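These numbers were taken from a predicted model, which means no experiment stands behind them. So you know, we letter chains A, B, ... as the sequences are listed, proteins then strands, and number each from 1.
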Protein chains: 2
Amino acid sequence: MSNLFEHSTIEVLIAAKLDGTITLAELLKHGNYGLGTFTGLDGEVIILDNDVYQVDQTGTVNHITDMDTTLPFASVHKPSENEQPLSLAKADFTLLNQTFAADKNLKNVFATIKLHGHFNAVKVRVAPKQEKPYPSLLAVTKNQPIFDTENVSGTIIGYYAPELFGNITAAGWHLHFLSDDHQFGGHLLSFVGSQLDGTFEIFDGIEQHFPINDDEFRNHENDLETLKAAIEESEGFQD
Amino acid sequence: MSNLFEHSTIEVLIAAKLDGTITLAELLKHGNYGLGTFTGLDGEVIILDNDVYQVDQTGTVNHITDMDTTLPFASVHKPSENEQPLSLAKADFTLLNQTFAADKNLKNVFATIKLHGHFNAVKVRVAPKQEKPYPSLLAVTKNQPIFDTENVSGTIIGYYAPELFGNITAAGWHLHFLSDDHQFGGHLLSFVGSQLDGTFEIFDGIEQHFPINDDEFRNHENDLETLKAAIEESEGFQD
């Protein structure tokens, strides 16, 4: 049975609880590919075959080897026998959201995509590190550094979540990018890619893990009325 | 890591998709205690140490041994090292919802409770079996047989889910009841118990499983605006 493993929820970030609650060592037990962020929303994390990269708020890509580093939120998976090869001659968010999501009938399932190739244009955001008392993710993303580049080789990785789970995680696609030369990356806002090759997998389910021994997690409140819109605004793309 | 295992969602029942999508044989691999319903909402299922009981719409309790029987929805777990003993001198839904939920700080976690003892009064509902074209769970529960009894020994088992997951499963307590003499049971609407003993466990997370190879599941639509209220109305208690 293939699962997406998700540690904590984006709801917790919206509730301004930004301390790390899982170590990289523990997280990597549950998956060797994925994405996330570090304590204080310190950048955008991308995990490729157990190699952990952080894009920090200056746009610098750091290779993280300290397995005690903690994350307040992360999504990871281990590729399973459900994984299929995927080639896209041309791709952008419009294709992924419309033709691709319809062809693969994604609306009620969680899925992952990994694509490598040439990108004519890429635009990313990077969450800047926050100090206590922490603001909400929603406030942080209103003043986030945005970077763009052209003609770069790199990898997209991330997840598709059903609308039904839009209170818990980012509904639709949540993708991170890393260039092959490790000079550019972040949370993907828009892209135009060509001759992309990689893999695609629909999960049997999601293992949603909570930091149950963390008092801030256990005690936090949230506004269910505004939550889904806040997650969409924080984690959306721009196409 | 201890998880609640949930096959499909109550959202799917609200969407009137009532065909079974997991066999008992497969379900019991993921837990030996739990609850659920059979194809067509055929009664209330309670699983106690791998013994599967169905309360049907006549109020009869059947011991189910055909492991090919299928369920459209079920929640099961295996007790873990997180399990704690629990004794309650007196209990009802008011106690579980208020004092107990506050003392155990349940609002952001999934938990399970199992209580055995004397019940001064118990009221249950039993979903009546539906035929195709299936109606929504919401319509079914508007005309559901209700049974009550007094002074009976029995077992309560079920789960607590956070409000945040109220689009997917029953938020708050979702409990089933079975009498020791197997003459009475169902989905618990109200109860007054005394000298109840059992166990309580907070889960590290939830493994939410989907019937991804089922076309009806993959293609179904739902109304996210009305969903949480529909689940509350269908799966609520009466205290």
Inset, instruction - Among B/L164, B/L106, B/V109, single out the residue with the greatest number of heavy-atom pairs under 4.5 Å to chain A. - result: B/L164

Inset, instruction - Using a 4.5 Å cut-off on heavy atoms from C-beta on, say whether the side chain of B/I206 contacts that of A/I206. - result: no

Legend entry - Under 4.5 Å from any heavy atom of chain B - which part of A/L224: side chain

Inset, instruction - Give, as side chain, backbone, both or neither, the part of A/F217 having an atom under 4.5 angstrom from any heavy atom of chain B. - result: both

Inset, instruction - Name the region of A/L4, side chain, backbone, both or neither, that has any atom closer than 4.5 Å to a heavy atom of chain B. - result: neither

If the cut-off is 3.5 angstrom, what donor-acceptor pairs do you find between chain B and chain A?
{"unit_1": "B/N3", "atom_1": "ND2", "unit_2": "A/E207", "atom_2": "OE2", "d": "3.0"}
{"unit_1": "B/K104", "atom_1": "O", "unit_2": "A/R218", "atom_2": "NH2", "d": "2.8"}
{"unit_1": "B/N105", "atom_1": "O", "unit_2": "A/R218", "atom_2": "NE", "d": "3.2"}
{"unit_1": "B/N105", "atom_1": "O", "unit_2": "A/R218", "atom_2": "NH2", "d": "2.9"}
{"unit_1": "B/N105", "atom_1": "ND2", "unit_2": "A/N219", "atom_2": "OD1", "d": "2.7"}
{"unit_1": "B/K107", "atom_1": "NZ", "unit_2": "A/N219", "atom_2": "O", "d": "2.9"}
{"unit_1": "B/K107", "atom_1": "NZ", "unit_2": "A/E221", "atom_2": "OE2", "d": "2.9"}
{"unit_1": "B/N108", "atom_1": "ND2", "unit_2": "A/F217", "atom_2": "O", "d": "3.0"}
{"unit_1": "B/N108", "atom_1": "ND2", "unit_2": "A/R218", "atom_2": "O", "d": "3.0"}
{"unit_1": "B/N108", "atom_1": "ND2", "unit_2": "A/H220", "atom_2": "O", "d": "2.9"}
{"unit_1": "B/N108", "atom_1": "ND2", "unit_2": "A/H220", "atom_2": "ND1", "d": "3.3"}
{"unit_1": "B/D204", "atom_1": "O", "unit_2": "A/F210", "atom_2": "N", "d": "2.8"}
{"unit_1": "B/I206", "atom_1": "N", "unit_2": "A/Q208", "atom_2": "O", "d": "2.9"}
{"unit_1": "B/I206", "atom_1": "O", "unit_2": "A/Q208", "atom_2": "N", "d": "2.8"}
{"unit_1": "B/E207", "atom_1": "OE2", "unit_2": "A/N3", "atom_2": "ND2", "d": "2.9"}
{"unit_1": "B/Q208", "atom_1": "N", "unit_2": "A/I206", "atom_2": "O", "d": "2.8"}
{"unit_1": "B/Q208", "atom_1": "O", "unit_2": "A/I206", "atom_2": "N", "d": "2.9"}
{"unit_1": "B/F210", "atom_1": "N", "unit_2": "A/D204", "atom_2": "O", "d": "2.8"}
{"unit_1": "B/F217", "atom_1": "O", "unit_2": "A/N108", "atom_2": "ND2", "d": "3.0"}
{"unit_1": "B/R218", "atom_1": "O", "unit_2": "A/N108", "atom_2": "ND2", "d": "3.1"}
{"unit_1": "B/R218", "atom_1": "NE", "unit_2": "A/N105", "atom_2": "O", "d": "3.1"}
{"unit_1": "B/R218", "atom_1": "NH2", "unit_2": "A/K104", "atom_2": "O", "d": "2.8"}
{"unit_1": "B/R218", "atom_1": "NH2", "unit_2": "A/N105", "atom_2": "O", "d": "2.9"}
{"unit_1": "B/N219", "atom_1": "O", "unit_2": "A/K107", "atom_2": "NZ", "d": "3.0"}
{"unit_1": "B/N219", "atom_1": "OD1", "unit_2": "A/N105", "atom_2": "ND2", "d": "2.7"}
{"unit_1": "B/H220", "atom_1": "O", "unit_2": "A/N108", "atom_2": "ND2", "d": "2.9"}
{"unit_1": "B/H220", "atom_1": "ND1", "unit_2": "A/N108", "atom_2": "ND2", "d": "3.3"}
{"unit_1": "B/E221", "atom_1": "OE2", "unit_2": "A/K107", "atom_2": "NZ", "d": "2.9"}

Inset, instruction - May I ask you to test the A/F210-B/F110 pair for a side-chain heavy-atom distance under 4.5 Å? - result: yes

